[in-house]
Colleague: 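Mind looking over this structure? Questions follow.
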Amino acid sequence: NAAALAWLDEQSIEHEGECQLRRVVGADGRGRAYLNGLTVPVQSLRALGELLVDVHGQLEFQSLSRRGYQRATLDGSGQLAARNAAVRTAHADWQGLDDQRASFEQRVRERESRVDLLRHFVTELQALDPGPGEAEAVAEERKRISSLGRLAEGTAQVEALLAGDDGGATSALARSQGVLRQLVGLDAALEPMAAQVEEATIAAREALSSLRRYTDALDADPARQEWIEARLAALEAVARKHRVETRELPALRDTLAAELAELDAGAVSEAELQQRLAAARERYLAAAKLLTLGRQQAATALDRKVTGFMQALGMPGGVFTTRVEPQDPPVFSTHGNDEIEFLVSANPGQPPRPLAKVASGGELSRISLALQVAAVEAAHLPCLVFDEVDAGVGGAVAEMVGRQLHELSAKGQVLCVTHLPQVASQSDHQLRVSKH
């Protein structure tokens, strides 16, 4: 069993070509699972078990009328797992892109109004052209202009103190400097103080010069004052509209311009998305077509086998047909584009009709068995378990069921749970199970 060996290797479970599956269920209902003595999750036991044993239950015939069951049975008989996986992958790719398209179209509908609004905002901000740090600088200048009177009065007062009618502080420092120069000749210890007074004299004179230049420039410029007020008002008005600080306006302009550029480029993105969606659609259709071909081939083989089994199970003249019909226009689904239906003619001369409409309960049971046997032949699992699949039959038909199961056991191990002696008598080994 190559699949089982590969699974054991993938799980890094030592096996030497053999494995033992063990399940312990405690009285508290909790279970433990083991593989070759290693504790494993129950899901792992199930995954490996599905590669070793195929179980067919007595109630499976009740599922025969379901389209999903019919599709799975056909695909299983044709070993179409790889083609089904390709369709699922292609469908997932197409679905993801289709969802993106729907989301994109929704954004496009919202985009127009957003683009108009952004264009208005960006045009307004570009016309305003706020510079980095400009709002703070303009605010500072307005503060200075509005305080011209106090500034002029204060600077005049300082100028008078530094160079008043009596010479002020600069004159006093100059006189002090002259006296200290004479005294340094008498005591060198006074030299540092003389240097300090000299520096103070120079600094006072420079301060007085700068102060006079500042005072000369204090003259009010009504036009400048008016511009400052208008500029600051414009900056504050736009900042209030966008609920940001005036200093944040340059960054806001760049952000909105970038968003506008992205939306303007949306048409290119939409075209690219449509191209990718069309390519994904073609990939899905190609994968679905391959699956359809595989199903049609599998249906031919399955119809032949099931028809033969039906006639061997007491339905002479019975015919089984599988309808595989690609849908037009194509349907995008995870299991392909085909409508699949099992049709049966239980009596000679009758046209095949949907299974549930023409078959009785006993016939359904035998058709189910025929289908399971036919599908099992393709699966090649080493152990097959049939749990009372002979329900609803008896007499000579039951003997035919037993004979069919015995023939099937030549290709692998068959375990059959049955209450019918006609079936049990044909097995190679019997185990009687009783309960007291």
Colleague: Can you tell if the side chain of L125 reaches within under 4.5 Å of the side chain of L256, non-hydrogen atoms only?
Modeller: yes
Colleague: Applying side-chain contact (heavy atoms from CB on, under 4.5 Å), name anything that partners V433, two or more places apart in sequence or on another chain.
Modeller: none
Colleague: At their closest point, which heavy atom of F320 faces which heavy atom of M310, and how far apart are they?
Modeller: CB-SD, 3.7 Å
Colleague: Please tabulate, one pair per line, all N/O donor-acceptor pairs under 3.5 Å involving side-chain atoms of residues 414-424, not counting sequence neighbours.
Modeller:
unit_1, atom_1, unit_2, atom_2, d
T418, OG1, D390, OD2, 2.5
T418, OG1, L420, N, 2.9
H419, ND1, E388, OE1, 3.4

Colleague: What are the two closest heavy atoms between P250 and P130, and how far apart are they?
Modeller: CG-O, 3.6 Å
Colleague: Does the side chain of S209 come within less than 4.5 Å of E206's, by heavy atoms?
Modeller: no
Colleague: Compare every heavy atom of L291 with every heavy atom of G336, then report the nearest pair and how far apart it is.
Modeller: CA-CD2, 4.3 Å
Colleague: List for me each residue that meets side-chain contact (heavy atoms from CB on, under 4.5 Å) alongside D129, sequence neighbours excluded, and say none if there are none.
Modeller: R253
Colleague: Looking only at heavy atoms, what is the nearest atom pair of A4 and L48, with distance?
Modeller: CB-CD1, 4.0 Å
Colleague: Nearest 0.5 Å please: distance from the CD1 atom of I340 over to the NE2 atom of H335.
Modeller: 8.5 Å
Colleague: May I have the step-by-step check of side-chain contact (heavy atoms from CB on, under 4.5 Å) for V87 and Y284, ending in yes or no?
Modeller: CA-CA 6 Å; V87 166; Y284 170 83; 3.8 Å; yes
Colleague: Taking the side chain as C-beta and beyond, is there a heavy-atom pair between L408 and F386 under 4.5 Å?
Modeller: yes
Colleague: Evaluate D303 against T322 for side-chain hydrogen bond (donor to acceptor under 3.5 Å, both in side chains), listing each step before the verdict.
Modeller: CA-CA 6 Å; D303 293 349; T322 305; 2.7 Å; yes
Colleague: Not counting sequence neighbours, which residues clear salt bridge (Lys or Arg N to Asp or Glu O under 4.0 Å) with D428? List them please.
Modeller: none
Colleague: Taking only residues two or more places apart in sequence or in another chain, which ones pass side-chain hydrogen bond (donor to acceptor under 3.5 Å, both in side chains) with H91?
Modeller: none
Colleague: To the nearest 0.5 angstrom, please state how far the CG atom of L302 sits from the CZ atom of F309.
Modeller: 9.5 Å
Colleague: State, yes or no, whether a side-chain contact exists between L45 and R23 at a heavy-atom distance under 4.5 Å.
Modeller: yes
Colleague: Which atom pairs, one a donor and one an acceptor, fall under 3.5 Å between side chains of residues 5-21 and the rest of the protein, sequence neighbours left out?
Modeller:
unit_1, atom_1, unit_2, atom_2, d
D9, OD1, H15, NE2, 3.0
H15, ND1, G17, N, 2.9

Colleague: What's the spacing between L249 CG and E124 CD if we round to 0.5 Å?
Modeller: 9.5 Å
Colleague: Relative to each other, are the rings of F121 and H242 parallel, tilted or perpendicular (30° and 60° limits)?
Modeller: perpendicular
Colleague: For R67, is there an ion pair with E341 - N to carboxylate O distance below 4.0 angstrom?
Modeller: yes
Colleague: Taking only residues two or more places apart in sequence or in another chain, which ones pass side-chain hydrogen bond (donor to acceptor under 3.5 Å, both in side chains) with S44?
Modeller: none
Colleague: Kindly give the heavy-atom pair with the smallest separation between A234 and L128, and that separation in Å.
Modeller: CB-CD1, 3.8 Å
Colleague: Between S345 (side chain) and Q350 (backbone), is there a donor-acceptor pair under 3.5 Å?
Modeller: yes
Colleague: Pairing donors with acceptors under 3.5 angstrom, does anything connect the side chains of S427 and Q430?
Modeller: yes
Colleague: Any side-chain heavy-atom pair from V324 and L74 closer than 4.5 angstrom?
Modeller: yes
Colleague: Going by the rule side-chain hydrogen bond (donor to acceptor under 3.5 Å, both in side chains), which residues pair with E339 if we only count those two or more places apart in sequence or in a different chain?
Modeller: R323
Colleague: Is there a donor-acceptor contact under 3.5 Å linking the side chains of T292 and D338?
Modeller: yes
Colleague: So, taking the atom named CZ in F332 and the one named CD in Q327, what distance separates them when rounded to the nearest 0.5 Å?
Modeller: 11.5 Å
Colleague: Report the distance from atom OG1 of T321 to atom CZ of R353, rounding to the nearest 0.5 Å.
Modeller: 13.5 Å
Colleague: Can you run down the salt bridge (Lys or Arg N to Asp or Glu O under 4.0 Å) pairs that involve residues 75-101, sequence neighbours left out, and say none if there aren't any?
Modeller: D75-R295, D98-R101, R101-E105
Colleague: Listed by chain and number, what are the salt bridge (Lys or Arg N to Asp or Glu O under 4.0 Å) partners of R432, not counting sequence neighbours?
Modeller: none
Colleague: Within a strict 4.5 Å, meaning less than it, do heavy atoms of the V344 and P352 side chains meet?
Modeller: no
Colleague: Going by side-chain contact (heavy atoms from CB on, under 4.5 Å), name the residues that satisfy it together with E407, two or more places apart in sequence or in a different chain.
Modeller: R403, Q404
Colleague: Starting from the C-alpha separation in whole Å, work towards a yes-or-no answer on side-chain contact (heavy atoms from CB on, under 4.5 Å) for C383 and L52.
Modeller: CA-CA 6 Å; C383 181; L52 302 173; 5.9 Å; no
Colleague: Would you indicate whether the side-chain heavy atoms of R247 and E136 approach each other to under 4.5 Å?
Modeller: yes
Colleague: Atom CG in L260, atom OG1 in T123: separation rounded to 0.5 Å?
Modeller: 8.5 Å
Colleague: List in chain and number order the residues that pass side-chain hydrogen bond (donor to acceptor under 3.5 Å, both in side chains) with Q311, two or more places apart in sequence or in another chain; answer none if no residue qualifies.
Modeller: none
Colleague: Determine whether a donor-acceptor pair (N or O, by modelled atom type, separation under 3.5 Å) exists between the side chain of N337 and the backbone of A288.
Modeller: no
